[in-house]
There are 2 protein chains.
Amino acid sequence: MPFELTILGSSSATPTSERYPTAQVLNALGRFFLIDCGEGTQIQIRRQKIGFSKIQHIFISHLHGDHFYGLIGMISTFNLLGLKKDIHIYSPSQLKDIIQPQLEFLKAGLQFNIVFHPLNFKKPQVIYSDKKVEVTSFPLKHSINTCGFLFKEHPKEANIKKEYVKKYNIPIPEIIKIKRGAGFQTSEGEFIPHEELTTPPPRPRSYAFCSDTAFHPPVAEIIKDVDLLYHEATFTEELKEWAQNTYHSTAREAAEIAKMANARQLILGHFSARYKNVSPFLKEARAVFPNTVAAEDGSRYEVGE
Amino acid sequence: MPFELTILGSSSATPTSERYPTAQVLNALGRFFLIDCGEGTQIQIRRQKIGFSKIQHIFISHLHGDHFYGLIGMISTFNLLGLKKDIHIYSPSQLKDIIQPQLEFLKAGLQFNIVFHPLNFKKPQVIYSDKKVEVTSFPLKHSINTCGFLFKEHPKEANIKKEYVKKYNIPIPEIIKIKRGAGFQTSEGEFIPHEELTTPPPRPRSYAFCSDTAFHPPVAEIIKDVDLLYHEATFTEELKEWAQNTYHSTAREAAEIAKMANARQLILGHFSARYKNVSPFLKEARAVFPNTVAAEDGSRYEVGE
C-alpha cells in the first residue's frame, strides 16, 4: 500500500515563476490528505493527475495567505465537479469566518458539507484516526498560531510463520491472537513464544510536516523516529537574524530538528525567493543531517522505503 | 505608445492543466489595467515579467470565483513587496465585503489604500478617465450582475503640415486651435480650411472586454468600431442550449457581436474544459467573422496595429 508524498508548492510568502506556495498531498494507504493549500493548488493537483474526488481531508497549518489562498478555489471546483462527499478542514478556527462570505457567492449552493475541525495550539492532539492511519497536530513556533502534522500508520500485526500453523493446526482465533502478540500452547502442553511463531511486522511508516516555524526543539520528541520529515527552511544561516525576526528556520536549524528526531530523511522547503537556487540550503543542512533533499514542485517521495 | 493586451488566463469555471482562469493585462499607453483576476493571476504576471508596481487599476467583471479568486493573493503580494500606491478596484459592490475578512489576516496591516469603485449594472458608465485613456463599463447578460469594459484612447489632435506653418508664419496659439479642428485666416484675408492645413490624426485605439455573457446584441452599439474585441465563447453551437441555460455564448454568437460591432479583430476565450482543442470554436466563428483568433495564456495582441 502506498505511503507517498507529492510536493505541489514549495515557495514562501509569494509564488515565484517556478514555485507555487505551500501545498502537498500525502497518499497514505489510499487516503489523500491535502496539507496546506496555497494559491494555485488546484492547478498543481490537475497537473499531477490526482483526482479531486479523492480529497476529503484538508489540513491548514496557519492563516498566512501562502498556506490557504487556494482553498476557496478548491472548494468551488469540488462543487462545480458535482462532488457530494463531506470535506473536512483541520485549521485554525478563524478560517471559517474568513471563507464564509466567499462560500455564499459560489455559483450554486454547496452540494456537500464542510466540517471544520479547529486545531489546538497548546499541545499535540490526535485530529484524525481510522483503521490504519492516525494524524496528530502539534504546535509550532511562528508569528501566528501554527501547527505541524504527523501522519502515522498504526502498528501492523506480526506475520505468523505458515509452517507453525500447519504443524500444530492452529485454529483461526488463535492465529489472530498470535498476530497481535500472543504465544501458543500446543496440545502437548509446550509453550511456543510469539517471537518464534512470527516474523516482525513492517515498521509503521510516518511523515511529519513542519510548516512555518522558528527553531523549536520540542517538536523533535513529538515526531521521534519519523521516516520522512518536511521542515521549512526559509533562509540560510547567513540570514539567521531575519529568520529569528520572522519566526522562520534556517536550513541548519531544520537539519538539527531532523537529527534530534532521528528522522530517516529530511525535505527542505518554503525557500525565500531571494535565493536563486537551493544549493546553499542543501550544503548547510547536509553538514548536520546528510540525508537531506530540497523540495521541488511536482516531486514525489516514498515514505519509509 | 503601446496599446497591448496580454492574456493571462483563458479557461472557464475551473483552471485546466494548460489554462488559468480569466485574467488579462492591457498596457494602454503605459497604464497597466488588470482585467479580471482568477486564481493564479499573480503567477502568470510574474511569468510575463510584468512589474507588480505598474498595476494600480483592477477591473472585476463579476463575482464568479474564476474571475476574482486571485485578487486576495495579488493584494497580499503588493503588500509583501512593500508597494505603497493606492489600488483602485472597479467591481460589483459586494466584493468589498467578501475580501474584507481576508484583508484583516494579512501579515502586516495594508500599507496602501484600496479604493473600491462599484460598477453600474443598469447602463454604460465612464469609470476611469485620464489625459489619454477612458474606460467605460457596460452591462452584460449573465446569471449574476456582470459588466464588460471598453478601453479607449481619447481622440488625438490632427497633425499640422509644417509647410503651412512656415509659409504663413502661424503663431503657436493658432497652431493649437488648428490641431483641434480650426481653420486659419491669413494676413491677406484668405481662409484655409482645417482639412487642407492638416493630416488626420491616427484613429484612437480601443479594446473591448466582453466577460461572461449570453448573446446580447445591445453590446454591439456600445463598442461600435472597436479595434480589438475579446468575447467569451464557452461553448460551440452544438451546446447552444447549455450556453443559453448558463448565460454563456457560443463561438458563433461571439462572432456575430464582432460583426455587428464592426470590430477589426475578435479574440475568443473562456473555453469550456470539455473541448480538447480550440479548432471547433475557430471554425464556427470564422464562418461569421473571419478575423478571429483563440486566446492562449501568455499570448499578446497589439491593439489597432
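Convention: sequence-line order gives letters A, B, ...; per-chain numbering from 1.
Counting heavy-atom pairs under 4.5 Å between each of Thr77(B), Asp97(B), Ile144(B), Leu81(B) and chain A puts Thr77(B) at the top. Among the candidates Pro15(A), Pro101(A), Gly38(A), the residue making the largest number of heavy-atom pairs closer than 4.5 Å to chain B is Pro15(A).
For Glu237(A), the CD atom sits in a packed shell: over 12 heavy atoms of surrounding residues, nucleotides or ligands are nearer than 6.0 Å. Other residues, nucleotides and ligands place no more than 12 heavy atoms under 6.0 Å from the OH atom of Tyr247(A).
Side-chain atoms of Glu39(A) and Ile72(B), non-hydrogen and from C-beta on, never get closer than 4.5 Å to each other.
To the nearest 0.5 angstrom, Arg19(B) atom CZ is 13.5 Å from Arg46(A) atom CZ. Between atom CD of residue Gln48(A) and atom OG of residue Ser17(B) there is a gap of 11.0 Å, rounded to the nearest 0.5 Å. Once rounded to the nearest 0.5 Å, the distance linking CD of Glu104(B) with CG of Leu63(A) reads 12.5 Å. Note that the CZ atom of Phe52(A) and the OG1 atom of Thr14(B) stand 7.0 Å from one another [nearest 0.5 Å]. Atom OG1 of Thr16(B) is separated from atom CD1 of Ile43(A) by 8.5 Å, given to the nearest 0.5 angstrom. Annotation: the span from Gln100(A) atom CD to Ile98(B) atom CD1 amounts to 12.0 Å, rounded to 0.5 Å.
For Thr41(A), the part lying under 4.5 angstrom from a heavy atom of chain B is the backbone only. Residue Ser76(A) touches chain B through its side chain alone, counting heavy-atom pairs closer than 4.5 Å.
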Next on the checklist: If you apply the rule side-chain contact (heavy atoms from CB on, under 4.5 Å), what do you find for Gln102(A) with Phe68(B), and how did you get there?
Outcome noted: CA-CA 11 Å; Gln102(A) 300 208 52; Phe68(B) 81 97; 4.2 Å; yes

